[in-house]
Amino acid sequence: MRILVLPGDGIGPEITAAALDVLHSANNAFRLGLEFDHDEVGFASLQCHGTTLTDALLEKARGYEGIILGTISHADYPKPAEGGRNVSAAFRVGLDLYANARPARTRSFLPSNMRAGKQMDLVIMREATEGFYPDRNMALGWGEMMPSPDMALSVRKITRHGSERIARRAFELAMKRRKKVTAIHKANSFHMTDGLFLEAVRTVAAEFPQVQLDELLVDASTAHLVRNPERFDVLVATNFYGDILSDLASELSGSLGLAGSVMAGDLQCCAQAQHGSAPDIQGMDKANPTSMILSVAMLLQWLGEHHGQPALNQAGDAIHAAVDAVLENPASRTGDLGGGMGTRAFGREVAARLAA
């Protein structure tokens, strides 16, 4: 099984290197037989090829079961006409990685930003190929326009196909957890787009009678994440809502740096940390690689389920356990969590747990 590794921008190469230390250890410990190829995206690609992502690399990526994508400094790229292609969006749309799974959970041994006595353990299933994002909602052209210098318009694309398949992934996940799905919407205002999304979710819900379906307005959901996070198990949301809510949930549960994330399709899965590229600490060995390491663990679990290889699931579970074991020791934490450990040292500490 082959994995394509793309370190990306900012702290991407550092956290990817730490995650690879862990992955190599898991590969040996569980005899996974993984093979790795490396390539460049982002500013490294722009310097060499005049674009942050070449068509050739995107086509090459189709041949891999798994992809590891580092952080992307998309906001700092030049305009698309000058080679500044949104790498994450291009992978999601180009490889049809429509299901962005973003878990968030509190840990008893780490501080969180929750109200006293509150706990969180949820997964946000975010549709990632359509919605309000202008770079992925038009066949040709751009989903934003300015008819005049004083007026800007944005187009939102919601399809029954896209809504049903992300809902199905959410219900399938809920069957493995606490059997509850909350559909996030604003159908009282977006009657057609969110109305269609809700209709699609309800259609899929009928296939899973064991799973409770809850429907909640997106603005109300932010309040409940703070006040009553225990009500949530799996949340299913359109692209924009899921993006915002996952950042809120991760920060409430402890930190964006502690939250894994994968972008999955029907044939491939891509691990990518939830947080940004943090260029202000690039090259300083200060970045917390936990999110990237946990994203890689989620990638292994996805591969194990889709390829019928239990060892991959076991390796993913072991990485999750090893990360928690390291984080439980205050001296083994990175600086953002009050410890003194550097990026690479943290990765090696987790890797050592797997090899023990």
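The chain is numbered in sequence order, starting from 1.
- In terms of heavy atoms, Val326 sits closest to Ser332 at O-CB, 3.4 Å.
- Salt-bridge annotation for Asp39 and Lys60: present, with a side-chain N of the basic residue lying under 4.0 Å from a carboxylate O of the acidic one.
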After noting the C-alpha distance and the side-chain angles of Asp96 and Arg165, does the key distance pass the side-chain contact (heavy atoms from CB on, under 4.5 Å) rule?
-> CA-CA 12 Å; Asp96 202 24; Arg165 65 180 183 174; 2.7 Å; yes
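- Residue-environment remark: CD (Gln47) stays at or below the threshold of 12 foreign heavy atoms within 6.0 Å.
- Ser261 and Asn100 are linked by a side-chain donor-acceptor pair at a separation below 3.5 angstrom, with hydrogens and angles left out of the test.
- Within a 6.0 Å radius of CE in Met151, no more than 12 heavy atoms belonging to other residues, nucleotides or ligands are found.
- Of all heavy-atom pairs between Ser73 and Gly10, the closest is OG-N, 4.2 Å.
- Using a cutoff of 4.0 Å between basic side-chain nitrogens and carboxylate oxygens, Asp280 and Lys286 are not scored as salt-bridged.
- Between the Gln210 side chain and the Lys179 main chain, no donor and acceptor come within less than 3.5 Å of each other.
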Begin with the C-alpha distance, continue with both residues' side-chain angles, and end with the deciding distance and a verdict on side-chain contact (heavy atoms from CB on, under 4.5 Å) for Glu349 and Met341.
-> CA-CA 10 Å; Glu349 185 73 12; Met341 190 164 280; 4.3 Å; yes
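- Looking only at side-chain heavy atoms (C-beta outward), His185 and Thr238 stay at 4.5 Å or farther from each other.
- In plain terms, the two heavy atoms of Met1 and Leu303 that are nearest each other are SD-CD1, 3.8 Å.
- Between Trp302 and His306, the ring planes are parallel. Angles under 30° get that label, and only those over 60° would be called perpendicular.
- His49 contributes no side-chain N or O that, together with a main-chain N or O of Thr51, makes up a donor-acceptor pair within less than 3.5 Å.
- A heavy-atom distance below 4.5 Å is not found between the side chains of Arg353 and Val323.
- Judged by distance alone, the side chain of Ser189 and the main-chain N or O of Lys186 form no donor-acceptor pair under 3.5 Å.
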Step-by-step side-chain contact (heavy atoms from CB on, under 4.5 Å) determination, Glu65 to Ile3 = CA-CA 7 Å; Glu65 291 89 350; Ile3 307 293; 5.6 Å; no
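- Counting all heavy atoms, side chain and backbone alike, Leu122 lies closest to Ala249 at CD1-CB, 4.2 Å.
- A side-chain donor-acceptor contact under 3.5 Å links Thr222 to the backbone of Asp219.
- The side-chain contact (heavy atoms from CB on, under 4.5 Å) test with Arg92 is passed by exactly one of Glu130, Gln272, Glu127: Gln272.
- Proximity of a side-chain donor or acceptor of Arg178 to a complementary backbone N or O of Phe232 within less than 3.5 Å is detected.
- If you run side-chain hydrogen bond (donor to acceptor under 3.5 Å, both in side chains) between Gln274 and each of Ser250, Ser295, Ser291, only Ser250 comes through.
- Cluster annotation: Leu4 is connected to Val87 through the hydrophobic network of ILVMFWY side chains, with a link wherever side-chain heavy atoms come within less than 4.5 Å.
- Geometrically, Arg156 engages Tyr241 in a cation-pi contact defined by less than 6.0 Å to the ring centre and at most 45° from the axis.
- Residues Leu327 and Phe346 are in side-chain contact: their nearest non-hydrogen atoms beyond the backbone lie under 4.5 Å apart.
- Between Arg168 and Ile166 the shortest side-chain heavy-atom distance does not fall below 4.5 Å.
- No donor-acceptor pair under 3.5 Å is formed between the side chain of Arg102 and the backbone N or O of Ser246.
- Taking the six-membered ring for Trp and thresholds of 30 and 60 degrees, Phe132 and Phe190 have ring planes more than 60 degrees apart, a perpendicular arrangement.
- Taking OG of Ser253 as the reference point, atom CE of Met114 lies at 7.5 Å (rounded to 0.5 Å).
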Determine, stepwise, if the pair Asp76 / Phe43 fulfils side-chain contact (heavy atoms from CB on, under 4.5 Å).
-> CA-CA 9 Å; Asp76 299 322; Phe43 281 116; 4.0 Å; yes
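- Counting only heavy atoms from C-beta outward, the side chains of Trp142 and Val155 never approach each other to under 4.5 Å.
- The hydrophobic cluster containing Met120 also contains Ile244, counting ILVMFWY residues as joined when their side-chain heavy atoms lie under 4.5 angstrom apart, directly or transitively.
- A salt bridge is defined here as a Lys NZ or Arg NE, NH1 or NH2 lying under 4.0 Å from an Asp or Glu carboxylate O, and Glu305 with Lys176 meets this definition.
- Surrounding CZ of Phe36 are more than 12 heavy atoms belonging to other residues, nucleotides or ligands, all under 6.0 Å away.
- The two atoms that bring Ser277 and Asp9 nearest to each other are CB-O, 3.9 Å, heavy atoms only.
- Tyr133 and Asn86 are not linked by any side-chain donor-acceptor pair at a separation below 3.5 angstrom, with hydrogens and angles left out of the test.
- With Ser25 contributing its side chain and Ala351 its backbone, the two residues share a donor-acceptor pair below 3.5 Å.
- Considering all non-hydrogen atoms of both residues, Ser112 and Leu252 come closest at CB-O, 3.5 Å.
- Ion pairing between a basic and an acidic side chain is recognised when a charged N comes within 4.0 Å of a carboxylate O; Lys79 and Glu82 show no such pairing.
- A donor atom on one side chain and an acceptor atom on the other are found under 3.5 Å apart for Asp336 and Thr334.
- Asn113 places a side-chain N or O within donor-acceptor distance of the main-chain N or O of Glu251, the cut-off being under 3.5 Å.
- The pair Arg2-Asp37 counts as a salt bridge, with a side-chain nitrogen and a carboxylate oxygen less than 4.0 angstrom apart.
- When hydrophobic clusters are built by joining Ile, Leu, Val, Met, Phe, Trp and Tyr residues whose side-chain heavy atoms come closer than 4.5 Å, directly or via intermediates, Val211 is not grouped with Leu235.
- A chain of hydrophobic side-chain contacts below 4.5 Å, direct or via other Ile, Leu, Val, Met, Phe, Trp or Tyr residues, connects Tyr77 to Leu69.
- Ion pairing of Arg202 with Glu199 is absent here, as no side-chain N (NZ or NE/NH1/NH2) approaches a carboxylate O to less than 4.0 Å.
- Both Val350 and Ile15 are part of a single hydrophobic cluster, where members link through side-chain heavy atoms under 4.5 Å apart.
- Side chains of Thr16 and Glu14: a donor-acceptor N/O pair is absent below 3.5 angstrom, by distance only.
- Using a distance-only test at 3.5 Å, with no hydrogens or angles considered, no donor-acceptor pair links the side chain of Thr52 to the main chain of Val41.
- Evaluated for a salt bridge (Lys or Arg N to Asp or Glu O under 4.0 Å) with Asp121, the options Arg105, Arg177, Arg107 yield exactly one hit, Arg177.
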